[in-house]
Amino acid sequence: MRVKKSILQNIEDELLKKLPKKSYTIEIGIIDGVSEKRDEIKDVEKYGHPSPQTNAELLYLHCNGSRPNKIPKRDVLKYTLDDWQNKLSEPVLRDLEETLIYEDGWDEKDTDDYMDKVAEMLGNYCRDLISDRDSRIKPNSPKTIKLKGSDTPLIDTGNMRRAIVGRVKK
């Protein structure tokens, strides 16, 4: 496992030696068709036709915004990564440190399992940013509220939010 020293300053070199030498990449978003499809039945019930966009396309549009369509940038993926660097990584790494101190037989499967939990946590965190109305997410305009019938940004049917996952690419 390759680990940046700057992120793991609180973990002793001895603990790092216990980890298998393997590289991990955590992906967050709507990934490789895993959860990309929209719920066609709900879209037809709500709009009278299936959505022309996939959940992945909608998330991309919302994260980047669209001036012509007057959609503000609400980059929940970036917010998740920023929060990982600023406040989430420390407790996760502290837990890893405590686990490594008390376990002698830490192996590659343990590391894989741990990284899967971290990826799942980050996917949940990203979805929660939307559900909990994080203050960085710009509110809907009055026009959008009238069209949607709701003032909740980034949630209409809930399909896109539910489609966000975290996974480890090994």
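Just so you know, residue 1 is the first one in the sequence shown, and it goes up from there.
Residues Leu154 and Lys148 approach most closely at N-NZ, 4.2 Å, considering heavy atoms. Between Lys73 and Tyr79 the shortest heavy-atom distance is O-OH, 4.3 Å. Nearest approach of Ala163 to Ile30, heavy atoms of both residues: O-CG1, 3.7 Å. Closest non-hydrogen pair, Met115 versus Val168, comes out as O-CG2, 3.2 Å.
Note: Asp83 CG to Ser89 OG = 10.5 Å, rounded to the nearest 0.5 Å. With rounding to the nearest 0.5 Å, the separation of NZ in Lys78 from CG in Leu129 is 12.0 Å. The OH atom of Tyr125 lies 13.5 Å from the CD1 atom of Ile164; values are rounded to the nearest 0.5 Å. If you take CG on Asp110 and CG on Asp112, they are separated by 9.0 Å, rounding to the nearest 0.5 Å. Here CG of Leu88 is found 6.5 Å from CG of Leu122. Values are rounded to the nearest 0.5 Å.
The closest donor-acceptor contact from the side chain of Thr80 to the backbone of Val76 lies under 3.5 Å. Here the side chain of Glu90 pairs no donor or acceptor atom with the backbone of Lys87 at under 3.5 angstrom. Between the side chain of Asn140 and the backbone N or O of Thr152 there is at least one donor-acceptor pair closer than 3.5 Å. Side chain of Tyr114 to main chain of Leu96: a donor-acceptor pair is present (N/O by atom type, distance under 3.5 Å, no hydrogens or angles).
Every residue two or more places apart in sequence or in another chain that forms a side chain to side chain contact (heavy atoms under 4.5 Å, CB included) with Asn86 is listed here: Asp82. For Asn64, the side chain to side chain contact (heavy atoms under 4.5 Å, CB included) criterion is met by Tyr60, not counting sequence neighbours. For Asp95, the salt bridge (charged side-chain N to carboxylate O under 4.0 Å, His left out) test picks out no residue, with sequence neighbours left out. Scanning for salt bridge (charged side-chain N to carboxylate O under 4.0 Å, His left out) contacts around Asp134 gives Arg136, with sequence neighbours left out. For Glu120, there are no side-chain hydrogen bond (donor to acceptor under 3.5 Å, both in side chains) partners, not counting sequence neighbours. Applying the side chain to side chain contact (heavy atoms under 4.5 Å, CB included) criterion to Lys138, with sequence neighbours excluded, gives Pro72, Arg74. Scored by the side-chain hydrogen bond (donor to acceptor under 3.5 Å, both in side chains) test, Asp151 finds Arg133 as partners (sequence neighbours excluded). Here Asp75 pairs with nothing under the side-chain hydrogen bond (donor to acceptor under 3.5 Å, both in side chains) rule; sequence neighbours left out. Residues forming a side chain to side chain contact (heavy atoms under 4.5 Å, CB included) with Arg161 (at least two apart in sequence, or on another chain): Arg127, Ile130, Ser131, Ile155.
Its side chain within the 4.5 Å cluster rule, Leu61 clusters with Ile71 among the Ile, Leu, Val, Met, Phe, Trp and Tyr residues.
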